[in-house]
Amino acid sequence: MRLPTRQIPSVLPGNRGTLRSGRPTRALIPRLKEGDIAVIDHVDLDRSTALAIAATGVIAVVNAQPMVSGRYPNRGPKALADAGIELIDQIGDAGLEKLVDGRKARILDGEIFDGERLLAQGRAFDQELLASELEDAKRGLSSHLELFTHNSSELLRREEEVLLHGNGVPPLDTPLAGRPVVVVADHPDLDRLLGDLAGFLREQRPAIIAVGPAAKRLSKKQVRHAVVVLGPDTDTYPEPKVLNSAAEIVLAPGASASENATELLDRIGVQPKRFESALAPEDAALLVAYAQHPSLVVGAGLSTTLTDFLEDQRPGLAGTYLTRLALGPALIDASAVPAVRRKEPRSRRLVLPVLAAVTALAIGVPAGTWAADHDLTAIGTGIVNRAGDGAAASPTSGESETKSAKDPQKSAEAQFVAEAGDALLPGRLSGQKVAVVPLPGADQKTVAALTGNIKAAGGATTGVLDVRPSLLDPDRKQYVDSLATQLIEQLGRGDADQATYQRMGQVIGETYAGRKPPAAFDQQAKTAAVALLTGDLVKAQGRPTGPADLVLVVLGDDSKDTTAVEGLVEGLGATTKGLVVTAPTGSEDLETLRANDWPGWFASVDGIETTTGQVAAPLALARQTSQQGGDFGASGFGGLLKR
């Protein structure tokens, strides 16, 4: 008897993967994974969408439509081909129906198989065919431009009041006048664009307007204090926690109905401002920014070239073009910022304040009179160092009497700043309560000078809360982590999902301050305060008088690892109405914090060992009540310190 032989299956040729199908293409992209075969229904695939598809790691793209229709030379297919992705197009609607989402498939020479069974057949779209079709498409460009021009004229007629006069654009509560603004839209290269903007963001502290999906790609810290503009598609919205942390929301539904969007925002407790216009959300965001009279608008992830406009498949393409014309020279692209951004040594940033001070003294203008007519912060910073009420200004711990006496120019500058501070400080913090939080190594004489100036500005200090070295000790991190978790649960406030020191910063902020501080400590705050004190994590200088409106952090010795300091500051910034971080000149910890502060969840003042650095701290605190962020002192200028 002959035994049956076992047949060894032959290995069928071609690329294998899981079919992922969906409409529209943008909704499909988040579901794509490495090794998948993307099945799309997208005529004239644009470069932006193609780059987003390529970033997912798919091995092939199968298109029901022509990759290049001939209307104009679109760049999407080339982006996919350059990434080594196999392309098949023109499988038609019948073929599309057979390529079921989630099914395993094999592709070879323009054909799609399930094992050996043919599912659909299209055209293998290679580099040679691509080059030929793009050349032919150039001849169809003129008719496409004519249609584009016609649509632009029609839209301008309908949207004249918005585009030419700004009528209907909702005013914002977030102050943008005179400030640079960055409008961030979703784009495959957004991470690179933001990286190119890092220096500009750090130095200028612009306001941020994030458009729909872009807000999902920003961190919670980045989107805090940002204005978020949403369209009608709720699938692109960030999670509710992110929306609730934004400064304000603008709903710009374009030409689509927005009942679902309104219902969703109502459910999560967000009351948006409405922008009733047929313009797309990206265009609405630009007009919202422009209507607030900013100094500059930087677009990150927006269409900027004629080819971009032609490739943009969303409705309202003419609006994109006209909106950019409306903004004119106020709008520049993010990619241009690194090339035009002025690079100057930090030491030069104090030249104007010093020259102005010396000039005022040289021509015999009394410093007090000069300062009364000029906001001192227009030329930099200022501070008064008081040993007590009515005491004359004197050098602080970092500037000895002897050193000042040997340097008459520095002594004159200090005297000028002190006298100017006498005119500027009174009333600036009237009605505000401030908690002072020195970190390990902070100079106590400087802390005393800062609290004195807070009182001189009309503010009240609720107490000085020293952070103990044990809180920042890596060996005690597990204890800090456990206690932070317990206290957040006990307080019923804060985000338990954050990292250890962020949570501890939230605990300290919610205990001693808070975004809506009550008139007195509640029972939960009292219990948390006792736990912090008995755990040797903080030490109160005297008995805190109650919750504070604002928090002033005084940095001390630089850390080998800034993780703990960054976490504490971020946690405090998330839970207080206003936060100012101060440090001596040359503080590496402050440099790190400033580098990671985007777009401004605290204000900072350096040089606090000087008389100049010390009048700026209470002025920066006062500024936080109306405008967040800004760097001040010898190494930074973040705008005018005025309310």
Euclidean distance, Y512 OH relative to L465 CG, rounded to 0.5 Å: 5.0 Å
Distance, nearest 0.5 Å, that separates CG of L450 from CG of D443: 9.5 Å
Heavy-atom closest pair, residues A214 and D186: CB-N, 3.6 Å
Test side chain to side chain contact (heavy atoms under 4.5 Å, CB included) applied to T500 - qualifying residues, sequence neighbours left out: K477, V480, D481, R503
Non-hydrogen atoms of L550 and L621 that approach each other most closely: CD1-O, 3.6 Å
Test: K433 and D549 ion pair at under 4.0 Å: no
Exercise: do Q624 and Q432 side chains pair donor with acceptor under 3.5 Å: no
Residue pair T485, E489: steps toward the side-chain hydrogen bond (donor to acceptor under 3.5 Å, both in side chains) verdict: CA-CA 6 Å; T485 300; E489 182 178 349; over 6 Å; no
E510 CD to D522 CG distance, which is reported to the nearest 0.5 Å: 10.0 Å
Counterpart residues, side chain to side chain contact (heavy atoms under 4.5 Å, CB included), relative to T562 (two or more places apart): E566, D589, T592
Separation between CG of L491 and OG1 of T511, rounded to the nearest 0.5 Å: 4.5 Å
Minimum heavy-atom distance between V551 and A513, given as atom pair plus value: CG2-CB, 3.9 Å
Result of checking V554, V569, L471, V553 against L439 for side-chain contact (heavy atoms from CB on, under 4.5 Å): V553
Atom of T575, atom of G509 and distance for their closest heavy-atom approach: OG1-CA, 3.5 Å
Minimum heavy-atom distance between L483 and A531, given as atom pair plus value: CD2-O, 4.2 Å
Distance in Å, T174 OG1 paired with Q292 CD, rounded so as to fall on 0.5 Å steps: 8.5 Å
Residues R594, D606; criterion salt bridge (charged side-chain N to carboxylate O under 4.0 Å, His left out); working and verdict: CA-CA 11 Å; R594 282 176 167 175; D606 65 355; 3.6 Å; yes
